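Read the structure below first, then the notes.
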Amino acid sequence: MAELAGLRKQFLEQAGTGVPPVFSSRVGVVLSGGGARGAYEAGVLMAFQDAKVPTHILAATSIGSINAASYAAHSEGLVGKADSLVKSWMELTPAMLGIDWSRYIFTLAGLVAASAGIGNLVRVLLEESGVYFHTRSPKITWFALMAAGVAILLFADKLSYVGHLVQNLLRGRPRDPDHRKAWISFGANVLVWGFVVLFLNLTHIHAPLLRHPYVDLSAPGPAVAVIFLGWLVYRILREPLSRLSHRFLRLPLRTGLFANFERTKFLRARIPVDGLRNSRIRVAMTATDLNHGVARFFSNTPVEILANDPGANKDFVLREFEYPPDLVQAAVASSSYTFAYEAVPMDGRLWTDGGVMTNQPILPALRLGADLLVLVMISPLTGADEAGDIKTFLDVGVQAVDIMVSKNFKTDIMLLDNVNRLCTIYADELGVRPEQLELEIGKQRYHYVKSFSIAPEKPLPALALDFDAEIIGPIIVQGYRDAMHVLPKFLEYEAARPTPETKQLVRLAAERPEGNFRTPIS
């Protein structure tokens, strides 16, 4: 990380080592999710550390929750420390996070072993009843079975396409076939049915019947009859077989592809829980309660204390926040990337990635009293990341979550913009700055919140599960560099910001005299 060290040295020389500026804002930093792309946030937080920016609130979700927990756990006062966080990112390997695809080789081996055991048990029972088979060329027969099995495994969803095309042809329906898919389907059917024909021609199946000690079923007539009988039985028993298969195949499946054990072990060794609980930085980790379909916010501070923080919305905090007994487990729950990691059982409920409900948790930061937000995003501001190569159900799930969280983020930004616009309108009427107003509408109070965005110019060169130091290192550096460009603007704004003492309360009431709305100001 020589490049990061050079950037830090350059930044510290430019900033100087004098007394840091006085901050009058209650600063909230919002960290989003994105798997391995969360390394970008570690670089941003390192820049915050070097600039000695006080962070009152860290609102985070998914991988952002882990970054927030580590940053706050090593803090000194309101200034967090990112050295341990960056070091942890650079130590990461997929195995350390439980990303072990070999688990599914064992699962497949178990399925094959169970199938082979059942098949051989049935064969022995049939032989004891006088029904048996033998093949004239075992090597060719078993090789053909292997080829047919591979074809079914890889192209099961395409086997019926050729039959569909033939049906359309016979019925005179318009057709515009997918030629690539048609050839794949044709090849897969040749392998599968070629094995069936080869097996029946090379294998003699004997069964004792009345007046005939044995009947050879390898002749063309009986072979066709066996195939037809098998098809008929399948059609009749299709529904019960489907239900039985569903119960059997779901046995090895879990709530995610990978377990959380290794990941939890990694985090417990690197996040000092006592430091996190005693930190002055308020951490809000978003997680999704699967049992009730809602988002909840785990805090490192008891809810009763949190509700009495300056500017905090007491009702919201008491209703939406929880103080978990195990903060590391809470961070694991918040970052259990849906489909990839197993859901986390905690307090009688099942938790998954907070990004399902909100990927940029702006709302909890506002409700905790932040009047200045730094939005750290792992996607360019100009648009969403282009989808990668989507081939498996995991790729589909990751992309679906990304789309969902993008919409949630836009909703929160719209809420922030609406409040800021209202504050600006009344500030112009009174001849003051928007920061000097607090609007009271009914029982709710709203204030102007300045926001700064730190985001990459181009999509980050990593997918959600690309936990590799060669990929992660440059992303951390990019996060630090992008933060360096935004921090001077932030510090300039903070220096010119009106002090909290100049703030005045404006009560708004809606009336409807003669069919019109009137909003008096007091």
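Keep in mind that this is a model prediction, so the values were computed, not measured. Positions are given from 1, in the same order as the sequence printed here.
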Applying side-chain contact (heavy atoms from CB on, under 4.5 Å), run through Val449 and His447 and close with a yes or a no. CA-CA 6 Å; Val449 179; His447 56 269; 3.7 Å; yes
I'd like to know if the side chain of Gln49 reaches the main chain of Ala82, judged simply by a donor and an acceptor atom lying under 3.5 Å from each other, with no hydrogens or angles considered. yes
Under the criterion side-chain contact (heavy atoms from CB on, under 4.5 Å), I'd like the reasoning laid out for Thr141 against Leu145: C-alpha separation, chi angles, the key distance, then a yes or no. CA-CA 6 Å; Thr141 302; Leu145 175 62; 5.8 Å; no
Evaluate the side-chain proximity of Phe467 to Thr93: yes if any heavy-atom separation is below 4.5 Å, no if none is. no
Would Val294 and Thr288 count as a side-chain contact (heavy atoms from CB on, under 4.5 Å) if you check the C-alpha gap in whole Å, the side-chain angles of each, and the deciding distance to 0.1 Å? CA-CA 6 Å; Val294 296; Thr288 300; over 6 Å; no
Hits for side-chain contact (heavy atoms from CB on, under 4.5 Å) against Ser88, two or more places apart or cross-chain, chain-then-number order -> Ser84, Phe266, Arg270
In this structure, CD of Gln167 is separated from CG of Leu165 (nearest 0.5 Å) by 10.0 Å
Please enumerate all residues that pass salt bridge (charged side-chain N to carboxylate O under 4.0 Å, His left out) together with Arg367, with sequence neighbours excluded. none
Does the side chain of Leu366 come within less than 4.5 Å of Tyr446's, by heavy atoms? no
Side-chain donor-acceptor pairs of residues 326-336 under 3.5 Å, sequence neighbours excluded:
residue	atom	partner	partner atom	Å
Asp326	OD1	Arg268	NH1	3.3
Asp326	OD1	Val328	N	3.2
Asp326	OD1	Gln329	N	3.1
Asp326	OD2	Arg268	NH2	2.7
Ser334	OG	Ser62	N	3.2
Ser334	OG	Ser65	OG	2.6
Ser334	OG	Thr286	O	2.5
Ser335	OG	Arg263	NH1	2.7
Ser335	OG	Ala331	O	2.8
Ser335	OG	Val332	O	3.3
Ser336	OG	Arg263	NH2	3.2
Ser336	OG	Val332	O	2.7

With a 3.5 Å distance limit and no angle check, can you tell me whether Ser279 reaches the backbone of Ser75 through a side-chain donor-acceptor pair? no
Tell me every residue that passes salt bridge (charged side-chain N to carboxylate O under 4.0 Å, His left out) with Asp371, counting only those two or more places apart in sequence or in another chain. Arg497
Under the rule for ring-ring contact (aromatic ring centres under 6.0 Å, His included), what residues qualify as partners of Trp89, not counting sequence neighbours? none
Quick check against the 3.5 Å criterion: does Trp351 have a side-chain atom that pairs as donor or acceptor with the backbone of Met346? yes
Can you tell if the side chain of Asn418 reaches within under 4.5 Å of the side chain of Asn420, non-hydrogen atoms only? no
If I compare all heavy atoms of Ala68 with all of Val283, which pair ends up nearest, and what's the gap? CB-CG1, 4.1 Å
Face-on cation placement of Lys450 at Phe452 ring, 6.0 Å and 45° thresholds: yes
Charged N to carboxylate O under 4.0 angstrom, Asp289 versus Arg296? no
Do you know which two heavy atoms are closest between Ala72 and Leu276, and how far apart they sit? CB-CD1, 3.9 Å
Only counting residues at least two apart or in another chain, list the ones meeting salt bridge (charged side-chain N to carboxylate O under 4.0 Å, His left out) with Glu494. none
Salt bridge check, Asp309 against Arg26: does any charged N sit closer than 4.0 Å to a carboxylate O? yes
Residues in ring-ring contact (aromatic ring centres under 6.0 Å, His included) with Phe321, at least two apart? Phe297
Determine whether Pro456 and Ile378 make a side-chain contact, defined as any pair of heavy atoms from C-beta on separated by less than 4.5 Å. no
Please tabulate, for side-chain N and O atoms in residues 470-482, each donor-acceptor pair with protein atoms closer than 3.5 Å (sequence neighbours left out).
residue	atom	partner	partner atom	Å
Tyr480	OH	Asp50	OD2	2.6
Arg481	NH2	Glu3	OE2	2.8
Asp482	OD2	Tyr40	OH	2.6

What one should report as the nearest heavy-atom pair of Leu31 and Gly64 is CD1-O, 3.6 Å
Treating Asn189 as the side-chain partner and Gly194 as the backbone partner, does any N or O pair qualify as donor plus acceptor under 3.5 Å? no
Going by the rule side-chain contact (heavy atoms from CB on, under 4.5 Å), which residues pair with Pro240 if we only count those two or more places apart in sequence or in a different chain? Leu237, Arg243
Does the pair Glu76/Lys52 count as a salt bridge with the N-to-O cut at 4.0 Å? no
Between Thr264 (side chain only) and Asn260 (backbone N and O only), is there a donor and an acceptor less than 3.5 Å apart? yes
Ring pair (Phe, Tyr, Trp, His ring centres under 6.0 Å) for Tyr161 and Trp183? Distances and angles first, verdict last. CA-CA 10 Å; Tyr161 189 64; Trp183 279 111; over 10 Å; no
Does the pair Asp178/Arg180 count as a salt bridge with the N-to-O cut at 4.0 Å? no
Report yes if the side chains of Glu342 and Phe258 come closer than 4.5 Å at any heavy-atom pair, otherwise no. no
All side-chain contact (heavy atoms from CB on, under 4.5 Å) counterparts of Val27, not counting sequence neighbours: Ser25, Val29, His56, Leu372, Phe490
Which pair of non-hydrogen atoms, one from Ser453 and one from Val486, has the smallest distance, and what is that distance? O-CG2, 3.7 Å
Main-chain N/O of Ile57 paired to Thr55 side chain as donor or acceptor, under 3.5 Å: no
Straight-line distance of Asn308 CG to Leu318 CG, nearest 0.5 Å: 8.0 Å
Applying side-chain contact (heavy atoms from CB on, under 4.5 Å) to His179 and not counting sequence neighbours gives Pro177
The test is salt bridge (charged side-chain N to carboxylate O under 4.0 Å, His left out); show your working for Lys81 and Asp83 and say whether it passes. CA-CA 6 Å; Lys81 299 292 181 182; Asp83 303 272; 5.8 Å; no
Could I get the full list of salt bridge (charged side-chain N to carboxylate O under 4.0 Å, His left out) partners for Arg280, not counting sequence neighbours? none
Start with the C-alpha gap between Val30 and Val374, add the side-chain angles, then the distance that decides, and say whether side-chain contact (heavy atoms from CB on, under 4.5 Å) holds. CA-CA 6 Å; Val30 180; Val374 180; over 6 Å; no
Any chance the side chains of Glu41 and Asn67 put a donor and an acceptor closer than 3.5 Å? yes
Which residue is it: Val53, Val376, Val79? I am looking for the one with a side-chain contact (heavy atoms from CB on, under 4.5 Å) to Phe48. Val53
